[in-house]
Amino acid sequence: MNISIVVPLFNEEESLPELCAWIERVMQENGYTYEVILVDDGSTDESWAVIESLHRNNGHIKGIKFQRNYGKSAALNEGFRAAQGKVVITMDADLQDSPDEIPELYNMIERDGYDMVSGWKKVRYDNAFTKNLPSRLFNGVTSKMTGIKLHDFNCGLKSYKQKVVKSIEIYGEMHRQIPVLAKWAGFRKIGEKVVVHQKRKYGVSKFGFERFVNGFLDLASVMFVGRFGKRPMHFFGFWGSVISFIGLCIWIYLGVMKIVFAKVNMTDRPIFYIGLISIVVGVQLFLAGFLGELITRNAADRNFYLIEKKEGL
Ligand code: UDP
Ligand code: MG
């Protein structure tokens, strides 16, 4: 099978028939073998009934339904588990992403050899103040911090080699960080394609302004876990040592002063409290490091790695 299209959706009943008809047209024009996996993320409208009737008319269209709303990341993750195509393409269900982009996204993987290609909504039809501006800031910071040259990390339209989606797990709200997760998993050929974006035709947006706070927090988590996830002590222990050492130096200094100039009252000096806090914070960091080590030691993936090639030697 050439292509699996994974579509996470939550209350998108009006858009689905149009979206599926459009996808089908593009697929037939290009002669691809394909499947469309519609992941219903616990919709409370008639989305699932619509998916069932679409499936009856076209066997390429498949559906997965969650018991309740778990979020876009969970929906994508489940779609990725089920995908069988050589190339996996994701898109939003709300008709903001155009299926006409599929052939080029497919070619960039198959012909140009990219591991993943992210869409870039260069001209964007969303609210300027709640979305476009904060999104620019988020993308700029993410790009600087991760060294991945993309303009639009959170674009719903992306394509992947099958191997990539089978190697990463998207949980929480990590769908904004997929390029970062892919990079940490060792897939470095990440490309970008300018894509057409449309105004939402039906229904309402599911994300508000809070996404940007969450987006930055997730960026911090993903950076930390990527670097120190398997060796937390190297982070906490380093800073714990530095800070405790500062505290220790302060106390030695104060101790010498006390002995040599007996009149000095140690607790009258502001620096005494800095020393005290440094020792307490330093020890706490060490404890966090030890707890982190205990947790990673028990993690199922503590020794997980991806093998790219293993010759029969
Ligand atoms: N979505 C989902 N689960 C959620 C929220 C959103 O599957 O809990 C889907 C939604 O149906 C859409 C896609 O994720 O297909 C993008 O959501 P939306 O269009 O609301 O985001 P925006 O375009 O406003 O960034
Ligand atoms: Mg949308």
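Quick note: residue numbers are just sequence positions, from 1. Basis for what follows: all heavy atoms, side chains included, without hydrogens, waters or symmetry-related copies. Source: prediction; values computed, not measured.
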Nearest heavy atoms of P179 and I148, plus distance in Å: O-CD1, 3.5 Å

Polar side-chain atom of S244 near backbone of I279 as donor-acceptor pair, under 3.5 Å: no

Taking every non-hydrogen atom, the tightest pair across V204 and K206: O-NZ, 2.9 Å

Side-chain donor/acceptor of S159 to backbone N/O of Y106, under 3.5 Å: no

More than 12 heavy atoms of other groups within 6.0 Å of E210 CD: yes

Co-membership, hydrophobic cluster, residues W239 and I250, 4.5 Å side-chain: yes

Aromatic ring pairing F272/W251, orientation class (parallel under 30°, perpendicular over 60°, tilted between): parallel

Residues N11 and T44: side-chain donor-acceptor under 3.5 angstrom: yes

Under the side-chain contact (heavy atoms from CB on, under 4.5 Å) test, residues paired with T33 that sit two or more places apart: M1, N2

Where K230 and D301 come nearest, the two heavy atoms and their spacing: CE-O, 3.1 Å

Flag if over 12 foreign heavy atoms under 6.0 Å of CZ, R227: no

Non-hydrogen atoms of Q162 and A83 that approach each other most closely: NE2-O, 3.8 Å

Any donor-acceptor N or O pair under 3.5 Å, side chains W22, E18: no

CZ/R297: more than 12 non-hydrogen atoms of other groups inside 6.0 Å: no

Distance-only donor-acceptor check, side chains S205 and K131, under 3.5 Å: yes

Full working for ring pair (Phe, Tyr, Trp, His ring centres under 6.0 Å) between F153 and H175: CA-CA 9 Å; F153 282 79; H175 57 269; over 10 Å; no

Main-chain N/O of Y114 paired to D112 side chain as donor or acceptor, under 3.5 Å: no

Side-chain hydrophobic cluster, 4.5 Å single linkage: members besides F10: none

Distance in Å, I51 CD1 paired with I37 CD1, rounded so as to fall on 0.5 Å steps: 12.0 Å

Contacts of F236 that satisfy ring-ring contact (aromatic ring centres under 6.0 Å, His included) - sequence neighbours left out: F224

Distance-only polar pair, side chains of R136 and N132, donor-acceptor under 3.5 Å: no

S135 versus N139, side-chain donor and acceptor atoms under 3.5 Å: yes

Hphob cluster co-occupancy, Y202 + M91, side-chain heavy atoms under 4.5 angstrom: yes

Path from W48 to L19 over hydrophobic side-chain contacts below 4.5 Å: yes

Parallel, tilted or perpendicular: rings of F286 and F290 (30°, 60°): tilted

Qualifying residue for side-chain hydrogen bond (donor to acceptor under 3.5 Å, both in side chains) with K72, from N154, D41, N77, D92: D92

Common cluster, I277/I252, ILVMFWY with side-chain heavy-atom separation under 4.5 Å: yes

Expected output: side-chain S118 to main-chain K158 donor-acceptor under 3.5 Å: no

Sequence-distant partners of K86, side chain to side chain donor-acceptor pair (under 3.5 Å), two or more places apart: E110

Geometric class of the F228/F235 ring pair [parallel <30°, tilted 30-60°, perpendicular >60°]: tilted

Residue pair D152 / E192: nearest heavy atoms and the distance that separates them: N-OE2, 3.8 Å

Ion pair K193/E101, N-O distance below 4.0 Å: yes

Heavy-atom side-chain proximity of I109 to V117 below 4.5 angstrom: yes

Side chain H151, main chain W120, donor-acceptor under 3.5 Å: no

Considering all heavy atoms, the nearest V195-C155 contact: CG2-SG, 4.2 Å

Under 3.5 Å donor-acceptor, H60 side chain and Y34 backbone: yes

Distance, nearest 0.5 Å, that separates CG of L306 from OG of S167: 4.5 Å

Flag for E24-N58: side-chain donor and acceptor within less than 3.5 Å: yes

Non-neighbouring partners of D115 that pass side-chain contact (heavy atoms from CB on, under 4.5 Å), sequence neighbours left out: K161, V164, F187, K189

Non-neighbouring partners of P103 that pass side-chain contact (heavy atoms from CB on, under 4.5 Å), sequence neighbours left out: V26, N30, Y32

Lys/Arg cation over aromatic Y70: R68, 6.0 Å, 45° cone: yes

Salt-bridge criterion met for E12 and R200 (N-O under 4.0 Å): yes

Enclosure of K122 NZ (heavy-atom neighbours >12, cutoff 6.0 Å): no

